[in-house]
*Asks:* 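Got a structure here, written out as C-alpha cells. Questions coming.
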Amino acid sequence: MTEKKDLVNITDLSRKEIYAIFEKAKFYKFQRKKGILVDDVLRGHSIGLLFRKPSSRTRISFEVAIIELGGSPIFLETSQLQISRGETIEDTARVLNLYLKGLVIRTYQQSEVESFARIVDFPVINGLTDSFHPCQILADFFTIWEHKKNLEEVVVTYIGDPNNVCNTLILAADILGVRINVSCPSEYSVSKQIVNIMENPHLLKVSDDPYSFVPESDVIYTDTWVSMGDETEKEKRLEVFKKFQVNEKLVKNAPANFLFMHCLPAHRGQEVTDAVIDGNNSVVWQQAENRLHVQKSILHFLYSEAEDEL
Ligand code: CP
C-alpha cells in the first residue's frame, strides 16, 4: 500500500519532485490554453477547503483546479463549523476523515496543519500558515523557471518583511540551489530557525540596506509589511518598513530584464508603487495565473500514485 503524501511544508518535496511538479504544471498550462482538460485524477473525490483567514487566489485556484481534475471542492466556512465552538482539531480531523478525500487548510499555526496531516488518511495541503506558504512558492519558482530556465544561475532578492512567504522562498531556494538575498530591517530579520533548517546556508545573504542586492538581482520580490495576524503592530511596521518600499528609485540599478514579483494582494503605495507593479518587469499576473496550473500539478503529484488506495 502506498503511503499517503501531504504538502505541509516545502521541505516535504525534493528537488526532483519540485521539477516534476513544474513539468506537469507546464503541460496543464499548455493544454488548458488549447481548451483541453487532460486529467481526472480526482474523479469521485470531495476535497475540503478549511480556511480560517481570507483568500482570493488560493481558494479560487484550488476550487477550479479540483473541479478541472474531476473532483468536488467543499468550502468549509470555519465560523459555521463546530471547531468555532471548541470542538478539537483532533475530533474535527477524525470526522472529516470519514467524508473527504483531501483537505486544503489555511490557518494561523503550522502545528494545526501538521495535526490534521497526522490524523487523516488523505493528503493535507498547507494553503498558508503564519510560518509557511508552500503552494505560493511553488507557483513563484515555476514562474521564474518559465522566464529564466536555469534556476541555479538565478539570484532572487526578497525586500521587506521576512514573513511566511519569505521563509518558504528561502527553503525552496535551498532545495533548488538558488541564491537568495533578503533585505529587511534588523529588528525584523530572517528567523534563525529557518537558517538552521537550510542545508546550504551559504546560498542566503541578509542585509538591512534595501539597495545592496539590487544590481545582482534577477528577481526582486516583495510582500505585505503587515501579514494577516500582525495587525496589532500595523503602525510601527508601516514606519519601520518605509525605506524597503520597492519603487522606481530602488529598482533603477537592477538588471534590465529583472522580474518583479509579489504574491498578492499588494498594498500599492506601501511595499510597492504602481510604477513597479504595473511596469514592464512585473510578472505578478503570471504568478497569479500559475497558481492554478501549479495547484493542479500539486494535486496530481499527491494523488496519482495513491488514487487506488483512496
Ligand atoms: N497569494 C495568496 O495566497 O493570495 P490569497 O491570500 O488571495 O489566497
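In this chain, residues are counted from 1 in sequence order. Because the structure is predicted, anything quoted here is derived from the model rather than measured.
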*Asks:* Test salt bridge (charged side-chain N to carboxylate O under 4.0 Å, His left out) on K252 and E248; report intermediate values, then the result.
*Replies:* CA-CA 6 Å; K252 199 165 141 253; E248 281 178 301; over 6 Å; no
*Asks:* Do the ring planes of F241 and F244 sit parallel (below 30°), tilted (30 to 60°) or perpendicular (above 60°)?
*Replies:* perpendicular
*Asks:* Any side-chain heavy-atom pair from F116 and I105 closer than 4.5 angstrom?
*Replies:* yes
*Asks:* Between the side chains of S61 and Q295, is a donor N or O closer than 3.5 angstrom to an acceptor N or O?
*Replies:* yes
*Asks:* A quick test of your reading: do over 12 heavy atoms of other residues, nucleotides or ligands sit less than 6.0 Å from CD of Q109?
*Replies:* no
*Asks:* Assess the side chains of N281 and N257: does a donor N or O sit below 3.5 Å from an acceptor N or O?
*Replies:* no
*Asks:* Is the shortest side-chain N to carboxylate O distance from E289 to K33 below 4.0 Å?
*Replies:* yes
*Asks:* Starting from the C-alpha separation in whole Å, work towards a yes-or-no answer on side chain to side chain contact (heavy atoms under 4.5 Å, CB included) for W225 and E233.
*Replies:* CA-CA 10 Å; W225 296 335; E233 286 195 332; over 6 Å; no
*Asks:* For the atom pair OG (S191) and CG (N196), what is the distance rounded to the nearest 0.5 Å?
*Replies:* 8.0 Å
*Asks:* Check for me, please, whether V283 and I137 land in the same ILVMFWY cluster - side-chain distances under 4.5 Å, paths through other members count.
*Replies:* yes
*Asks:* Could you tell me whether R15 and E152 make a salt bridge, using a distance below 4.0 angstrom between a side-chain N and a carboxylate O?
*Replies:* yes
*Asks:* Would you indicate whether N280, at its atom CG, is surrounded by more than 12 heavy atoms from other residues, nucleotides or ligands within a distance under 6.0 Å?
*Replies:* no
*Asks:* Can you tell me how far apart CD (E3) and CG (D121) are? Round to the nearest 0.5 Å.
*Replies:* 11.5 Å
*Asks:* Answer with yes or no whether the side chains of D39 and Y28 bring together a donor and an acceptor at under 3.5 Å.
*Replies:* yes
*Asks:* Under 3.5 Å, side chain of S207 to main-chain N/O of S212, donor-acceptor pair present?
*Replies:* no
*Asks:* When you check the side-chain N and O atoms of N164 and D130, is any donor under 3.5 Å from an acceptor?
*Replies:* no
*Asks:* Would you compute the distance between atom CD1 of I89 and atom OG of S115 and round it to the nearest 0.5 angstrom?
*Replies:* 7.0 Å
*Asks:* Tell me whether the NZ or CZ atom of K26 lies within the 45° cone about the ring axis of F142 and under 6.0 Å from its centre.
*Replies:* no
*Asks:* Do you see a donor-acceptor pair shorter than 3.5 Å between the side chains of D230 and Y188?
*Replies:* no
*Asks:* Looking at N181, V182, V155, which hits side chain to side chain contact (heavy atoms under 4.5 Å, CB included) with K205?
*Replies:* N181
*Asks:* For the pair H45 and Y303, name the ring-plane relationship: parallel under 30°, tilted 30 to 60°, perpendicular over 60°.
*Replies:* tilted
*Asks:* Looking only at heavy atoms, which two atoms of H262 and P265 are closest? And how far apart?
*Replies:* CE1-O, 3.3 Å
*Asks:* With a sphere of 6.0 Å drawn around NZ of K34, does it hold more than 12 non-hydrogen atoms of other residues, nucleotides or ligands?
*Replies:* yes
*Asks:* Under 3.5 Å, is there a donor on one side chain and an acceptor on the other for Q110 and N126?
*Replies:* yes
*Asks:* Would I170 and D174 count as a side chain to side chain contact (heavy atoms under 4.5 Å, CB included) if you check the C-alpha gap in whole Å, the side-chain angles of each, and the deciding distance to 0.1 Å?
*Replies:* CA-CA 6 Å; I170 292 170; D174 183 41; 5.6 Å; no
*Asks:* Do R52 side-chain atoms and R106 backbone N/O form a donor-acceptor pair below 3.5 Å?
*Replies:* no
*Asks:* Using atom types as modelled and distance alone, determine if a side-chain donor or acceptor of K242 lies under 3.5 Å from a backbone N or O of Q270.
*Replies:* no
*Asks:* Quick check against the 3.5 Å criterion: does T88 have a side-chain atom that pairs as donor or acceptor with the backbone of D91?
*Replies:* yes
*Asks:* I'd like to know if the side chain of N247 pairs up with that of T273 as donor and acceptor (distance under 3.5 Å, no hydrogens or angles considered).
*Replies:* no
*Asks:* For D278 and R268, work out which heavy atoms get closest and say how close.
*Replies:* OD2-NH1, 2.8 Å
*Asks:* Hydrophobic clustering (ILVMFWY, side-chain heavy atoms < 4.5 Å, transitive) - are W285 and V165 grouped together?
*Replies:* no
*Asks:* Give a yes or no on this: more than 12 heavy atoms of other residues, nucleotides or ligands lie within 6.0 Å of atom CD of Q193.
*Replies:* no
*Asks:* Run the side chain to side chain contact (heavy atoms under 4.5 Å, CB included) check on I125 and L302 step by step: do they pass?
*Replies:* CA-CA 9 Å; I125 299 172; L302 295 175; 3.5 Å; yes
*Asks:* Both conditions, 6.0 Å and 45 degrees, for the charged tip of R59 above the ring of F75: are they met here?
*Replies:* yes
*Asks:* Would I220 and L259 show up in the same hydrophobic cluster when neighbours are defined by side-chain heavy atoms closer than 4.5 Å?
*Replies:* no
*Asks:* Between the side chains of R118 and D6, is the shortest nitrogen-to-carboxylate-oxygen separation below 4.0 Å, so that they form an ion pair?
*Replies:* no
*Asks:* Could you give the distance from CD (Q136) to CG (D223), rounded to the nearest 0.5 Å?
*Replies:* 8.0 Å
*Asks:* Within a strict 4.5 Å, meaning less than it, do heavy atoms of the L103 and I47 side chains meet?
*Replies:* no
*Asks:* In terms of hydrophobic clustering (I, L, V, M, F, W, Y; side-chain heavy atoms under 4.5 Å; direct or indirect links), are I66 and V38 co-clustered?
*Replies:* yes
*Asks:* Are there more than 12 heavy atoms of other residues, nucleotides or ligands under 6.0 Å from atom NZ of K243?
*Replies:* yes
*Asks:* If we ignore hydrogens and angles and just use 3.5 Å, is the side chain of N163 paired with the main-chain N or O of C166 as donor and acceptor?
*Replies:* yes
*Asks:* Could you grab the distance from atom CD1 of I74 to atom OG of S46, nearest 0.5 Å is fine?
*Replies:* 4.5 Å
*Asks:* Tell me whether S282 contacts the main-chain N or O of G279 through its side chain, where contact means a donor paired with an acceptor under 3.5 Å.
*Replies:* no
*Asks:* Kindly determine whether Y158 and V219 satisfy side chain to side chain contact (heavy atoms under 4.5 Å, CB included), including the steps that lead there.
*Replies:* CA-CA 8 Å; Y158 180 94; V219 176; over 6 Å; no
*Asks:* Has the side chain of D40 got a donor or acceptor atom that lies under 3.5 Å from a matching backbone atom of L69?
*Replies:* no
*Asks:* Is the side chain of N290 donor-acceptor paired with the backbone N or O of Q286 at a distance under 3.5 Å, no angle test?
*Replies:* yes
*Asks:* Charged N to carboxylate O under 4.0 angstrom, E216 versus R179?
*Replies:* yes
*Asks:* Quick one: do E68 and K296 make a salt bridge, cutoff under 4.0 Å?
*Replies:* yes
*Asks:* Is the shortest distance from a Lys or Arg side-chain nitrogen in K29 or E146 to a carboxylate oxygen in the other one below 4.0 Å?
*Replies:* yes
*Asks:* For residues Y221 and D140, is any side-chain donor paired with an opposing acceptor at under 3.5 Å?
*Replies:* yes
*Asks:* Are the aromatic ring centres of Y19 and F22 under 6.0 angstrom apart?
*Replies:* yes
*Asks:* Hey, quick one: are L299 and F141 part of the same hydrophobic cluster, counting side-chain heavy atoms closer than 4.5 Å, chains of contacts allowed?
*Replies:* yes
*Asks:* Going by heavy atoms in the side chains, are V154 and V156 under 4.5 Å from each other?
*Replies:* yes
*Asks:* Okay, side chain of K4, backbone of V120: is any donor-acceptor separation there less than 3.5 Å?
*Replies:* yes
*Asks:* Could you give the distance from CG (N200) to CG (L176), rounded to the nearest 0.5 Å?
*Replies:* 11.0 Å
*Asks:* Determine yes or no for a side-chain-to-main-chain donor-acceptor pair under 3.5 angstrom, with Q80 supplying the side chain and L76 the backbone.
*Replies:* no
*Asks:* Do E153 and N150 have side-chain N/O donor and acceptor atoms under 3.5 Å apart?
*Replies:* yes
*Asks:* Search all heavy atoms of S14 against all heavy atoms of E17 and return the closest pair with its distance.
*Replies:* N-OE1, 2.9 Å
*Asks:* Any salt bridge between D161 and R237, counting N to O under 4.0 Å?
*Replies:* yes
*Asks:* Determine the minimum heavy-atom distance between A139 and R291, stating which atoms define it.
*Replies:* CB-CD, 3.7 Å
